[in-house]
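Computed from heavy atoms alone, side chains included, the values below leave out hydrogens, waters and symmetry copies. Remember, predicted model here, so these are calculated numbers, not experimental data.
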Amino acid sequence: MDTNRRDALKLGASAALSGMLISNAVAAPDERQPIVVEPLTGKAGFRVANYLPRMGASSRLGLVTNDGLVVDIPAEAARQKIQLTFDPTSMISLAGSGNQGLLQLAAIFKNRGSNLANVNQVILLSPIPKPQANIYCVGWNYLDHFEEGLKHRADTAVKEYPKVPVLFTKGTQTMNGPFDNIPYDAGISTMIDWEAELAVVIGKKGKNISEENAMDYVFGYSAYNDTTARDIQQKRQSGQWFKGKSLDGHGPMGPWIVTAGGVNLDDTRIICSVNGVEKQNASYKQMYFKIPVIIAELSRGLTLLPGDIIATGTPSGVGAGRTPQEFMKPGDIMETNITGIGILRNKIG
């Protein structure tokens with residue numbers, strides 16, 4: 001490990017442990033449920049949010065502390081006279097800044113001021129509201145999910161589990177915020193399904209990446225939901241995935257990105273509930289194709305760029321796989337919890 005990387009991890013660990021509390025659901029100023037700050041499972045890392053300090057302000061990046069406070073990165077960099085090597089309003093720019101960017105985050109966090117906003121007093125946006133390319137997705141990455149869909153799939157050609165990751169994309173217009181509504185139009189679809197997923201954000205340009213080196217290309221992780229219109233996917237499109245998964249706003253992400261050193265993947269669970277009823281709950285360890293395999297396969301002849309998003313697949317428990325099938329309707333609340341990272345809460349309609 002190079003010296004800069006080692007220093008970044010050391011400073012990140014100090015930052016991660018310096019909050020007053022391990023985890024806190026700080027009271028929200030209105031009727032919203034408070035935002036839960038999940039404890040980090042890794043020893044070194046940061047929660048980096050994209051947010052508005054207030055309505056009408058410009059968006060910027062912030063570091064979220066363990067006790068639910070937000071460190072304004074551009075303001076603190078200016079106060080501390082740190083010349084940033086990345087654009088403090090762009091997560092993609094930060095992702096591509098490498099170890100130097102992490103070291104600058106650590107310095108900002110360590111020497112932060114005391115006049116910090118509560119995370120419930122700001123407006124959290126998608127960490128990457130305008131992806132530079134379609135969101136890469138992995139299908140059937142949990143064996144139970146592959147099995148539960150067999151009887152409902154329009155395309156019956158695939159009966160045996162694939163030998164390599166099955167890849168598809170969602171359009172960039174699907175991106176949505178961590179607490180924003182999911183659009184619902186009964187004239188388009190009445191079979192809106194949940195799919196909780198762990199999202200990977202790439203931090204370094206690469207092509208033909210080996211499994212052995214794949215994790216060096218990861219900037220961080222986020223919670224994601226591959227919300228899907230099953231009637232479009234299975235009926236109108238005859239089993240083809242892209243359109244049924246690419247309706248506007250059908251891809252909430254956030255509430256922040258946890259940099260790679262802050263996440264122990266083996267301690268991560270992927271959980272989804274609807275109206276408080278748990279629907280999905282699986283461990284990263286149950287994922288069939290792990291992240292190094294996914295990155296290696298995806299990058300074969302295809303260049304990955306900093307800020308690219310990979311949704312790594314959903315576990316069993318989706319509405320389409322149930323008997324009888326279940327789908328969301330206007331007013332339903334979909335919660336996506338990636339433990340050690342964060343929780344999304346999205347209302348349908």
Any side-chain donor near an acceptor of the partner, [X] and [Y], under 3.5 Å:
X	Y	value
Asn134	Thr169	yes
Arg47	Asn66	yes
Asp193	Thr228	no

- Can a salt bridge be assigned to the pair Arg230 and Glu195 using a cut-off of 4.0 Å between side-chain N and carboxylate O? yes
Using modelled atom types and a 3.5 Å cut-off, is there a donor and acceptor pairing between side-chain atoms of [X] and backbone atoms of [Y]?
X	Y	value
Gln132	Pro306	yes
Asn176	Asn181	yes
Lys170	His250	yes
Asn118	Leu69	no
Ser97	Leu94	yes

Per-pair distances, 0.1 Å, donor-acceptor, side chain in residues 215-224, under 3.5 Å, sequence neighbours excluded:
unit_1	atom_1	unit_2	atom_2	d
Ser222	OG	Gly254	N	3.3
Ser222	OG	Gly254	O	3.3
Ser222	OG	Trp256	O	2.8

A side-chain contact here means heavy atoms from C-beta on lying under 4.5 Å apart; do [X] and [Y] qualify?
X	Y	value
Leu304	Tyr136	yes
Tyr184	Thr190	yes
Pro255	Phe179	yes

What side-chain donor-acceptor pairs closer than 3.5 Å can you find for residues 198-210, not counting sequence neighbours?
unit_1	atom_1	unit_2	atom_2	d
Asn208	OD1	Gly301	N	2.8
Ser210	OG	Asn213	N	3.2
Ser210	OG	Asn213	ND2	3.2

